[in-house]
Amino acid sequence: MKLSKTRLALIIGLAGMLLLVAVIVSPLLLMSMPSFLSDSASVDCDDSARVEEASDSASSDIPAAYLELYKDYGKRIGVQWNILAAVGKRETDHGRSDLPGVKNGTNSAGAAGPMQFLISTWGGKARVPMSSKFTGYASDGDGDGVGDVYNPADAILGAARMLKRNGAPENVRQALFVYNRAWWYVDQVEEIARKYAKSGAVEVPPQASEECDEPLVEAAPSDVVAKILQFALAQRGKPYLWGGTGPDSFDCSGVIYAAYKAAGLTIPRTTFGQWPFGVKVLEGEEEPGDLVFFNAGPGTSANNPGHVGLVVSKGKMLEARCRLCGPIKVTSYQARDTRVGFTRPLQNPAVQEQLKKLQNRTL
């Protein structure tokens with residue numbers, strides 16, 4: 001069948017248009033889909049510049065001095081300031097309540113101060129000299145040498161430390177439940193926190209997302225460290241168990257021991273053995289795969305640290321902290337004032353020999 005000149009021209013023109021569209025669109029197909037076209041938004045794994053702004057409700061409801069303390073200690077300790085503020089609101093209306101135990105004495109439950117600490121949890125008495133030995137969250141926010149449960153600066157700093165100790169900022173609900181063991185309380189505090197945030201949300205650090213794992217592994221300084229990180233990150237979300245070495249639960253040194261073992265390397269099993277084993281590394285020179293140690297736990301000291309984490313990137317570590325601290329997670333080590341130092345197990349002579357044997361097997 002013969003085509004007319006008009007029909008032939010139309011076909012050629014249509015083919016030309018299709019070719020032009022293909023030339024324009026094909027490079028775009030190689031690029032990532034914009035968020036408004038994709039099924040879900042990607043996770044921004046860089047949280048260094050994230051600061052939750054206060055809503056108009058927060059600015060009008062929270063006394064200026066209290067708001068400054070919530071923000072300051074939230075940033076310093078590493079917990080959501082709006083969660084800290086919501087606890088203060090729920091407990092004593094930011095110290096404005098006239099109920100027993102807010103400004104002096106205790107209430108019927110034995111709680112005291114603007115953040116309503118049990119005296120036993122604070123340190124055994126309302127005013128604790130910081131130079132004395134005590135067990136609790138007594139803190140000196142105003143620098144007078146005394147942890148005063150009725151002093152807003154001291155009490156808010158103590159509350160931030162308690163929330164951090166028990167799972168915040170990653171596992172906020174767990175941390176709040178330990179603060180006051182009732183899920184209705186947790187729900188109420190979270191509702192207040194959302195109202196205090198301009199975003200209307202309780203933000204969780206992006207490193208809590210598995211989508212942030214791949215850049216950490218890709219950025220590892222060697223294939224061996226990549227294997228260590230890959231195993232360690234895969235344990236996130238599993239529970240803490242003292243003495244645990246897997247596969248279902250771990251303690252702080254156990255998950256590190258298992259991660260090195262997954263890379264074909266043997267290091268000491270316990271924190272006390274791992275501390276002298278690795279070569280000491282100056283702060284600021286630590287790398288992924290190094291260990292960071294803390295003076296924490298009974299019978300520990302600056303020369304005998306009792307807690308350890310695995311450095312996964314500058315300022316971040318994977319840790320199994322404690323039974324009530326939530327699951328194994330990636331968190332910051334920079335805000336921990338009990339940090340003792342860093343070591344590099346990979347530079348231990350025994351590990352160097354193991355690495356040579358592994359390399360020979362692959363040749």
Side-chain angles (χ1 to χ4, degrees), residues 42-48 78 170-171 204-240 244-271 273-275 277-281 283-294 307-321 325-334 336 339 341-348 350-352 354-355 357-359 361-362:
S42 61
V43 175
D44 180 5
C45 295
D46 181 13
D47 66 337
S48 58
E170 294 86 359
N171 196 341
V204 175
Q207 66 264 20
S209 170
E210 291 184 3
E211 293 183 45
C212 295
D213 287 356
E214 191 172 343
L216 294 174
V217 175
E218 287 182 345
S222 69
D223 290 341
V224 171
V225 174
K227 290 178 181 178
I228 293 170
L229 296 186
Q230 196 166 29
F231 178 91
L233 291 166
Q235 311 316 308
R236 191 171 52 190
K238 293 183 179 180
Y240 174 94
T245 56
D248 299 323
S249 55
F250 300 83
D251 66 8
C252 64
S253 56
V255 69
I256 294 171
Y257 170 81
Y260 269 76
K261 187 176 180 180
L265 303 173
T266 300
I267 64 172
R269 156 67 188 90
T270 68
T271 304
Q274 290 172 1
W275 168 243
F277 182 78
V279 174
K280 299 296 185 292
V281 177
E283 183 164 354
E285 296 182 5
E286 69 272 15
E287 297 179 350
D290 290 346
L291 309 187
V292 53
F293 292 84
F294 303 87
H307 182 60
V308 62
L310 175 70
V311 177
V312 296
S313 68
K314 191 71 74 174
K316 305 292 183 186
M317 65 177 173
L318 179 128
E319 72 167 340
R321 191 168 186 181
C325 300
I328 296 171
K329 59 192 173 186
V330 173
T331 187
S332 171
Y333 57 74
Q334 292 180 321
R336 302 274 182 90
R339 190 168 68 252
F342 301 86
T343 71
R344 187 164 296 158
L346 291 176
Q347 287 188 351
N348 179 283
V351 175
Q352 290 283 306
Q354 295 175 45
L355 288 170
K357 291 180 180 179
L358 290 174
Q359 189 174 17
R361 290 175 189 172
T362 60

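Keep in mind the model is a prediction, meaning the values are calculated, not measured.
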Partners of [X] by side chain to side chain donor-acceptor pair (under 3.5 Å), sequence neighbours excluded?
X: Tyr240; answer: none
X: Asn348; answer: none
X: Glu286; answer: Tyr333
X: Gln235; answer: Lys238

What residues form a salt bridge (charged side-chain N to carboxylate O under 4.0 Å, His left out) with [X], not counting sequence neighbours?
X: Glu285; answer: none
X: Arg321; answer: none
X: Lys227; answer: none

Nearest heavy atoms of [X] and [Y], plus distance in Å:
X: Tyr257; Y: Thr245; value: CD2-CG2, 4.5 Å
X: Val292; Y: Arg339; value: CG2-CD, 3.6 Å
X: Ile228; Y: Ala259; value: O-CB, 3.6 Å
X: Phe294; Y: Gly309; value: CE1-N, 4.4 Å

Discussion item. Assess, by modelled atom type and distance only, whether the side chains of Thr331 and Glu319 contain a donor and an acceptor separated by less than 3.5 Å.
Written reply: no
Contacts of Pro345 meeting side-chain contact (heavy atoms from CB on, under 4.5 Å) (sequence neighbours excluded), chain-then-number -> Tyr260, Ile267, Phe277, Leu291, Thr343
Contacts of Glu287 meeting side-chain contact (heavy atoms from CB on, under 4.5 Å) (sequence neighbours excluded), chain-then-number -> Pro221, Asp290, Arg344
| query | Under 4.5 Å between any side-chain heavy atoms of Val224 and Leu358, yes or no? | reply | no
Taken in chain and number order and not counting sequence neighbours, the residues that satisfy ring-ring contact (aromatic ring centres under 6.0 Å, His included) with Phe231 are none
By ring-ring contact (aromatic ring centres under 6.0 Å, His included), Phe293 pairs with (sequence neighbours left out) Trp275
Can you measure from [atom1] ([X]) to [atom2] ([Y]) and round to the nearest 0.5 angstrom?
X: Leu265; Y: Lys357; atom1: CG; atom2: NZ; value: 11.5 Å
X: Gln354; Y: Gln352; atom1: CD; atom2: CD; value: 10.0 Å
X: Leu310; Y: Cys252; atom1: CG; atom2: SG; value: 11.5 Å

| query | Going through the distances and angles, do Val330 and Leu233 end up as a side-chain contact (heavy atoms from CB on, under 4.5 Å)? | reply | CA-CA 8 Å; Val330 173; Leu233 291 166; 3.6 Å; yes
Exactly one candidate in Arg236, Lys329, Lys316 meets salt bridge (charged side-chain N to carboxylate O under 4.0 Å, His left out) with Glu170; the answer is Lys329
Here the side chain to side chain donor-acceptor pair (under 3.5 Å) pairs for residues 262-271, sequence neighbours left out, are Asp251-Arg269, Ser253-Arg269
